[in-house]
Amino acid sequence: MNADNRIIVALDVSSQEEAIALLDKLPQVSFWKVGLELFVSSGPGILEILKQREKRIFLDLKFHDIPNTVAGACRAAAKYNVDLLTIHSTCGKDALKAAQLALTEGAAAVDKPSPKLIAITLLTSLNSRQLAFDLKIPLELPEYALHMALLAKETGLAGAVCSPQEVEQLRMSCGDDFVLVCPGVRPKWADGGDQKRSMTPKAALKAGADYLVIGRPITAADDPVAAFGRICEEIE
Ligand SMILES: O=C(O)c1cc(=O)[nH]c(=O)n1[C@@H]1O[C@H](COP(=O)(O)O)[C@@H](O)[C@H]1O
């Protein structure tokens, strides 16, 4: 796979019009992420637009609920025929299992391939201090992230979302077939913003990420085309 096919650009805007403007500006991007801001603002229409343009789609709705509810949400999401879908590992094993089963059944019911369900391990906006003092988790951060990834793997999920700082360890423990998606990616020249566990795109890929999720360093740049091009050059 070309290095630039491994970049998923986050469409974190608040209207379909803004999203389409970014799609028009960046036709070279092949994989887009639709997250909570855009989906809640404008609904599923954008998914159809991305499909018409033959783009791959990461539908990042980060489900987090009881088994019956996440299963229902996954069954409904299966009809969108996206490539990746997210759920929080902290839902627990029963909910992860129910979600995976419902997604597979939902996709079969509409005769579409099943999206890959991937689990959030620990949000990249959190650091070890917050894990210990705010969330009161009595584990070292890398150990916690690995535990959450293994929970997803043992439950039959296709992969996990993790920070690039943990991806090497997760790759070693979860194997090559487990899809590892890394947000919290920052080129040296970009603002860190609210991301706490970052690495550069090149270092994240070298550490074992399958895909990088990058938003603001591209979409909020003065020149998004130049920013995307610069990142592709840096990782080639
Ligand atoms: O699931 C995600 O994609 C995600 C998980 C995570 O732990 N951290 C994280 O930043 N994300 C998403 O990745 C994107 C990162 O955007 P930027 O910080 O602008 O590059 C946002 O859309 C986040 O919702």
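Remember, it's 1-based here, ligands and their atoms both numbered in the order they're listed. These numbers were taken from a predicted model, which means no experiment stands behind them. All values below come from the heavy atoms of this structure, side chains included, with hydrogens, waters and symmetry mates left out.
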- Message: Checking the N or O distance criterion of under 3.5 Å, is ligand 1 in contact with Thr86?
- Response: no
- Does Arg186 use its side chain to pair, donor to acceptor, with the backbone of Arg197 at less than 3.5 Å? no
- Message: Please check: side-chain N/O of Ser163 versus main-chain N/O of Gln165, any donor-acceptor pairing under 3.5 Å?
- Response: yes
- Please check if the side chain of Lys202 supplies one atom and the backbone of Pro187 the other of a donor-acceptor pair under 3.5 Å. no
- Message: Can you confirm whether more than 12 heavy atoms, excluding those of Glu234, are under 6.0 Å from its CD atom?
- Response: yes
- Item | Atom indices of ligand 1, in the order listed, that fall short of 4.0 Å to a heavy atom of Val213 | 13 (O), 14 (C)
- In terms of its nearest heavy atom to atom 17 (P) of ligand 1, the top option of Arg197, His88, Arg186, Glu37 is Arg186
- Task: Would you check if Leu85 and Tyr80 make a side-chain contact, meaning some heavy-atom pair closer than 4.5 Å?
- Result: no
- Note on the structure: The protein heavy atom nearest to atom 3 (O) of ligand 1 is Asp60 OD2, 3.3 Å
- Message: Just by distance, no angles: are the side chains of Glu18 and Ser14 close enough, under 3.5 Å, to form a donor-acceptor pair?
- Response: yes
- Query: Which one holds for Pro217 and ligand 1: side chain close, backbone close, both close, or neither close, with close meaning a heavy atom under 4.0 Å?
  - Reply: side chain
- Message: Under 3.5 Å between any N/O of Asp194 and any N/O of ligand 1: does that happen in this structure?
- Response: no
- For atom 22 (O) of ligand 1, what is the nearest protein heavy atom, given as residue, atom name and distance? Asp12 OD2, 2.6 Å
- Message: Using a 4.0 Å cut-off to any heavy atom of Ile120, which atoms of ligand 1 qualify?
- Response: 1 (O)
- Message: Can you tell me which portion of Thr124 lies within the under-4.0 Å heavy-atom range of ligand 1? Options are side chain, backbone, both, or neither.
- Response: both
- Task: Select one of side chain, backbone, both or neither to describe which atoms of Leu123 lie under 4.0 Å from any atom of ligand 1, heavy atoms only.
- Result: both
- With heavy atoms of Lys33 as the reference, note each atom of ligand 1 found under 4.0 Å away. 3 (O), 12 (C), 13 (O), 14 (C), 21 (C), 22 (O), 23 (C), 24 (O)
- Note on the structure: With Trp32 as partner, the option from Leu47, Leu59, Ile49, Leu26 fulfilling side-chain contact (heavy atoms from CB on, under 4.5 Å) is Leu26
- Query: Short question: side chain of Arg171, backbone of Phe178 - any donor-acceptor pair under 3.5 Å?
  - Reply: yes
- Item | Under 4.0 Å to a heavy atom of Ala10 - the qualifying atoms of ligand 1, by number | 22 (O)
- Query: Is the shortest heavy-atom distance from the side chain of Leu84 to the side chain of Ile8 under 4.5 Å?
  - Reply: yes
- Message: Side chains of Ser30 and Asn5: any donor to acceptor distance under 3.5 Å?
- Response: yes
- Report, in ascending order of atom number, the atoms of ligand 1 lying under 4.0 Å from any heavy atom of Arg216. 17 (P), 18 (O), 19 (O), 20 (O)
- Note on the structure: for atom 10 (O) of ligand 1, nearest protein heavy atom and its distance come out as Gln195 NE2, 2.8 Å
- Item | Main-chain N/O of Asn127 paired to Gln130 side chain as donor or acceptor, under 3.5 Å | yes
- Do me a favour and list the nearest non-hydrogen protein atom to atom 2 (C) of ligand 1 with residue, atom name and distance? Lys62 NZ, 3.2 Å
- Query: Based purely on interatomic distance, does Gly215 place a nitrogen or oxygen under 3.5 Å from a nitrogen or oxygen of ligand 1?
  - Reply: yes
- Query: Which protein non-hydrogen atom lies closest to atom 5 (C) of ligand 1, naming both residue and atom, and how far is it?
  - Reply: Pro183 CG, 3.5 Å
